[in-house]
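Written out below as structure tokens is the structure these notes cover.
Side chains are part of it too, since the values below use all heavy atoms of this structure and drop only hydrogens, waters and symmetry mates. Just so we're on the same page: letters track the sequence lines, and every chain starts at 1.
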Amino acid sequence: DTGVSQNPRHKITKRGQNVTFRCDPISEHNRLYWYRQTLGQGPEFLTYFQNEAQLEKSRLLSDRFSAERPKGSFSTLEIQRTEQGDSAMYLCATSRGANEKLFFGSGTQLSVL
Amino acid sequence: DQQVKQNSPSLSVQEGRISILNCDYTNSMFDYFLWYKKYPAEGPTFLISISSIKDKNEDGRFTVFLNKSAKHLSLHIVPSQPGDSAVYFCAARNQAGTALIFGKGTTLSVSS
């Protein structure tokens, strides 16, 4: 396993700009999750995919957020019209299946100025 | 409302002693519990897990205990080492298995 890869590691943007993050899963992991972590909190679930199908979205995922996983491989998370409250670490995790442990990437740290 | 609670934000232990990290949960539908460890600037790393049908699981220096009646689990690290210094997250999974729900974490500091 080469591990879950996330890019970029850091992103600084101005309020109102759009940003996109990428996650490359461990090969053959068909489940992919996005989490958000803010200071002093644990990771909070945003959404997950089984292969290319997005099966669940948290109510934390506002209309400004969209995630895709074309062809069931890498995934992107886009935030439109960023707000200062979007500043957080965005974590991607993958697993082989429904009842398997999650492997996390190193995250993308977003700072909205 | 938080379904997984780690009420101690931090814990300091001397090297060689036991570290005990606690976690409480409110949802009786949770069927699987996990502990993750996180170093700064890295993603969480899986440490150990336990199914709700068991009350103990051991892996080397790490043991997790589950008390279903009290909705409480704990992670024991014996002996503690300076390299164990990290943030520890308790997580729970519901029977639908859709996503893990994490606590806020406990920062463990092991001094030599």
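- Options Q109(A), Q6(A), Q37(A) differ in how many heavy-atom pairs under 4.5 Å they form with chain B, and the most are formed by Q37(A).
- Under a cut-off of 6.0 angstrom, the local environment of CZ in R15(A) is sparse, with at most 12 non-hydrogen atoms contributed by other residues, nucleotides or ligands.
- Of all residues spanning residues 61-71 of chain A, none has a heavy atom less than 4.5 Å away from chain B's heavy atoms.
- With hydrophobic clusters built from ILVMFWY side chains whose heavy atoms lie under 4.5 angstrom apart, I79(A) does not share a cluster with F74(A).
- Within the 3.5 Å criterion, the main-chain N or O of F104(A) finds no donor-acceptor partner in the side chain of Y36(B).
- Ring pair F102(B)/F45(A): centre-to-centre distance not below 6.0 Å.
- Among residues two or more places apart in sequence or in another chain, the salt bridge (charged side-chain N to carboxylate O under 4.0 Å, His left out) test is passed with D24(B) by none.
- The two residues L91(A) and G43(B) come nearest to each other via the heavy atoms CD2-CA, 4.2 Å.
- A distance of 8.0 Å separates CD1 of I101(B) from OH of Y35(A), quoted to the nearest 0.5 Å.
- In this structure, V78(B) is a member of the same hydrophobic cluster as I20(B), with clusters built from ILVMFWY side-chain heavy atoms closer than 4.5 Å.
- Following chains of ILVMFWY side-chain contacts shorter than 4.5 Å, one cannot reach Y48(A) starting from Y90(A), and the two form parts of different hydrophobic clusters.
- When the shell of 6.0 Å around CD of Q14(B) is examined, it contains 12 or fewer heavy atoms from other residues, nucleotides or ligands.
- Heavy-atom distances place both the backbone and the side chain of Q41(A) under 4.5 Å from chain B.
- Minimum heavy-atom separation, F89(B) to G42(A): CE2-CA, 3.5 Å.
- In this structure, V19(A) is a member of the same hydrophobic cluster as L77(A), with clusters built from ILVMFWY side-chain heavy atoms closer than 4.5 Å.
- When all heavy atoms of F46(B) and K101(A) are compared, the closest pair comes out as CD2-CD, 3.1 Å.
- Interface remark: L55(A) contributes no atoms to any contact with chain B (heavy atom separation under 4.5 Å).
- Residue I12(A) places its CD1 atom among 12 or fewer non-hydrogen atoms of other residues, nucleotides or ligands, all under 6.0 Å distant.
- One hydrophobic cluster holds both L73(B) and Y88(B) under the rule that ILVMFWY side chains link at heavy-atom gaps under 4.5 Å.
- Atoms NZ and CG, on K104(B) and L39(A) in that order, are 11.5 Å from each other to the nearest 0.5 Å.
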